[in-house]
Amino acid sequence: MVSTLGVAVVGFGWMGRVHTQAYARVPHHFPQLSLRPELIAVADEVPGRAEEAAGRYGFATAARDWREVAADPRVEAVSIAAPNFLHREIGVAMAEAGKHIWIEKPVGLTTEDARAVADAMAKTGVQGTVGFNYRNAPAVAAARELIASGEIGDVTHVRIRLFSDYAAHPEGALTWRYERERGGSGVLGDLASHGVDLARHLLGEIASLAADTAVFVPERARPTGATAGHTRSAGGALGPVENEDYVSCLLRFASGARGVLEACRVSVGEQNNYGFEIHGTKGAVFWDFRRMGELGVSRGTSYQDQPVSTLYVGPGHGEFGAFQPGSANAMGYDDLKVIEAHHFLRSVAEGTAYGATLDDAVHSAAALDAMARSAENGTWVSPGRAARDV
């Protein structure tokens with residue numbers, strides 16, 4: 001039996017649109033799902049943005065204030081795609097109102113913020129999914145299976161990279177993303193959070209880390225109007241960039257494996273260069289998000305001069321079969337968010353968590369806070385204490 005679930009989207013920039021489109025698509029890719037999302041409300045503080053979204057996508061109600069969504073009894077689940085500094089307030093309020101939450105990462109500005117949302121959800125028993133979308137790639141699922149099966153032996157070391165140029169232009173506007181009060185960390189929360197989630201998803205807990213950060217574009221022009229995404233602004237008053245453009249981090253995993261995580265938002269010549277190389281005692285796996293359906297695999301008994309072959313993912317890997325009938329057919333970024341929407345709705349339908357959870361968000365936030373402390377103190381830091389309080 002199929003029933004409907006009243007959903008709302010709070011914050012309708014690019015990510016709010018991606019969530020909305022995922023809701024629309026999920027019944028087509030996952031027809032076995034017992035819940036069908038119904039678009040009830042959209043909220044955004046920018047004048048006219050919510051009304052435009054309602055007209056384009058069919059939301060029944062448009063609002064400027066997210067509190068109207070929290071008070072709406074028709075809304076049973078909420079996507080939170082507002083700026084980071086609002087995540088804690090909105091997430092706690094929605095959980096206390098008994099609404100299930102699909103929330104973008106990072107969940108707030110600190111570990112305490114993420115834990116506050118997790119605690120509010122635990123008290124009311126609502127379900128929650130977090131936007132760590134890269135773990136949803138079928139090739140990542142294939143890599144996880146290979147690692148767990150022991151086909152590459154014991155993992156010895158890993159390199160995770162997240163390089164982008166979205167903030168490289170010197171005319172990039174000084175939006176909330178570059179402010180400590182509203183954005184919190186910079187590339188730590190934006191890109192390195194994905195790297196931490198991939199590390200934990202594939203290799204287990206991080207025991208300790210040592211990090212270094214830098215700001216390479218120290219000033220930007222303040223925007224003169226509403227912004228969305230990564231807007232340029234020339235001629236406005238200059239203000240300081242308060243959070244980091246770059247982070248490099250050494251990782252020690254509980255398993256004994258070693259790692260390097262590196263992320264940068266101002267890498268000229270790099271567009272979404274996200275991926276990993278994971279080496280084991282018998283082999284290795286390699287993944288590049290820009291070639292999302294391919295996984296480089298080295299396995300066998302040669303050790304020295306052992307070749308690398310390309311595995312083209314297919315219906316047997318992750319959720320690939322919900323989108324394409326045969327191997328090597330391409331998938332895209334938005335497909336990963338459809339998988340995430342499926343995890344969220346399935347969690348609500350079955351009362352059991354699927355996909356990335358608020359627990360994952362707290363652990364990721366603890367690692368990011370540890371990186372910030374390490375960069376400031378120049379020491380190795382364990383993220384475990386903060387995470388254990390989940």
Side-chain angles (χ1 to χ4, degrees), residues 9-11 13-19 22 78-92 94-95 100-121 127-137 140 160 162 164 166-167 175-177 182-202 206 229-230 243-244 247 249 261 263 265 272 274 276 289 333-334 336-341 343-344 347 353-372 383 386-387 390:
V9 176
V10 174
W14 168 62
M15 189 53 66
R17 176 174 56 81
V18 172
H19 276 229
V78 180
S79 281
I80 301 174
N84 300 346
F85 70 99
L86 294 172
H87 284 190
R88 176 175 181 165
E89 182 181 11
I90 297 174
V92 170
M94 295 300 176
H100 307 286
I101 297 170
W102 177 11
I103 188 168
E104 276 305 313
K105 54 90 238 166
V107 179
L109 307 183
T110 64
T111 307
E112 288 70 26
D113 285 351
R115 188 183 299 112
V117 178
D119 288 346
M121 291 176 53
Q127 293 294 321
T129 298
V130 181
F132 291 125
N133 45 268
Y134 297 107
R135 64 156 62 189
N136 298 327
V140 174
I160 300 172
L162 299 108
S164 185
Y166 68 77
T175 64
W176 61 267
R177 294 180 182 277
R182 297 193 296 166
S185 61
V187 77
L188 280 174
D190 195 19
L191 295 181
S193 59
H194 282 298
V196 170
D197 183 67
L198 284 172
R200 293 185 61 250
H201 184 62
L202 293 168
I206 298 169
H230 306 293
N243 50 33
E244 73 289 337
V247 61
C249 185
L261 189 157
R265 64 187 181 186
N272 299 328
Y274 309 152
F276 55 73
F289 168 66
Y333 176 90
D334 284 17
L336 303 184
K337 302 306 278 191
V338 175
I339 295 171
E340 205 166 274
H343 288 156
F344 178 48
S347 297
Y354 293 94
T357 66
L358 267 292
D359 179 77
D360 293 311
V362 173
H363 279 83
S364 176
L368 301 182
D369 285 352
M371 289 181 196
V390 177

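Throughout, numbering of the chain's residues begins at 1 and tracks the sequence. Model, not experiment: these values are computed from the prediction.
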Taking the side chain as every heavy atom from C-beta outward, state whether [X] and [Y] have any atom pair closer than 4.5 Å.
X: M94; Y: I103; value: no
X: W176; Y: L86; value: no
X: D197; Y: K105; value: no
X: Y134; Y: H201; value: no
X: L358; Y: V130; value: yes

Could you state the interatomic distance from [atom1] ([X]) to [atom2] ([Y]), rounded to the nearest 0.5 Å?
X: E340; Y: E104; atom1: CD; atom2: CD; value: 6.0 Å
X: S193; Y: L188; atom1: OG; atom2: CG; value: 8.5 Å
X: L261; Y: L191; atom1: CG; atom2: CG; value: 10.0 Å
X: L162; Y: F289; atom1: CG; atom2: CZ; value: 10.5 Å
X: E112; Y: R88; atom1: CD; atom2: CZ; value: 7.5 Å
X: F344; Y: I101; atom1: CZ; atom2: CD1; value: 8.0 Å

Expected output: side-chain [X] to main-chain [Y] donor-acceptor under 3.5 Å:
X: N133; Y: L336; result: no
X: N243; Y: G184; result: yes
X: E244; Y: V187; result: yes
X: H87; Y: P106; result: yes
X: D369; Y: T111; result: yes
X: Q127; Y: H100; result: no

With sequence neighbours excluded, residues passing ring-ring contact (aromatic ring centres under 6.0 Å, His included) with H343: none
Flag for Y333-N272: side-chain donor and acceptor within less than 3.5 Å: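 No, no side-chain donor-acceptor contact under 3.5 Å.
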Is it true that D360 and R135 make a salt bridge, defined as a side-chain N closer than 4.0 Å to a carboxylate O? yes
Closest non-hydrogen atom pair between [X] and [Y], with its separation:
X: I90; Y: A82; result: CD1-CB, 4.0 Å
X: G183; Y: N84; result: O-ND2, 3.5 Å
X: G16; Y: A81; result: N-CB, 3.7 Å
X: G91; Y: I80; result: CA-CD1, 3.7 Å
X: I339; Y: N136; result: CD1-O, 3.6 Å
X: A22; Y: A341; result: CB-CB, 4.0 Å

Please assess Y166 against D190 for the test side chain to side chain contact (heavy atoms under 4.5 Å, CB included), listing each intermediate value before the final yes or no. CA-CA 11 Å; Y166 68 77; D190 195 19; 2.3 Å; yes
Test applied, side-chain contact (heavy atoms from CB on, under 4.5 Å); reference residue, S364; option that passes from V196, D359, V107: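 Of the listed options, the one satisfying the test is V196.
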I'd like to know whether W102 forms a side chain to side chain contact (heavy atoms under 4.5 Å, CB included) with H19, so could you lay out the CA-CA distance, the side-chain angles of the two residues, the decisive distance to 0.1 Å, and finally the verdict. CA-CA 9 Å; W102 177 11; H19 276 229; 3.2 Å; yes
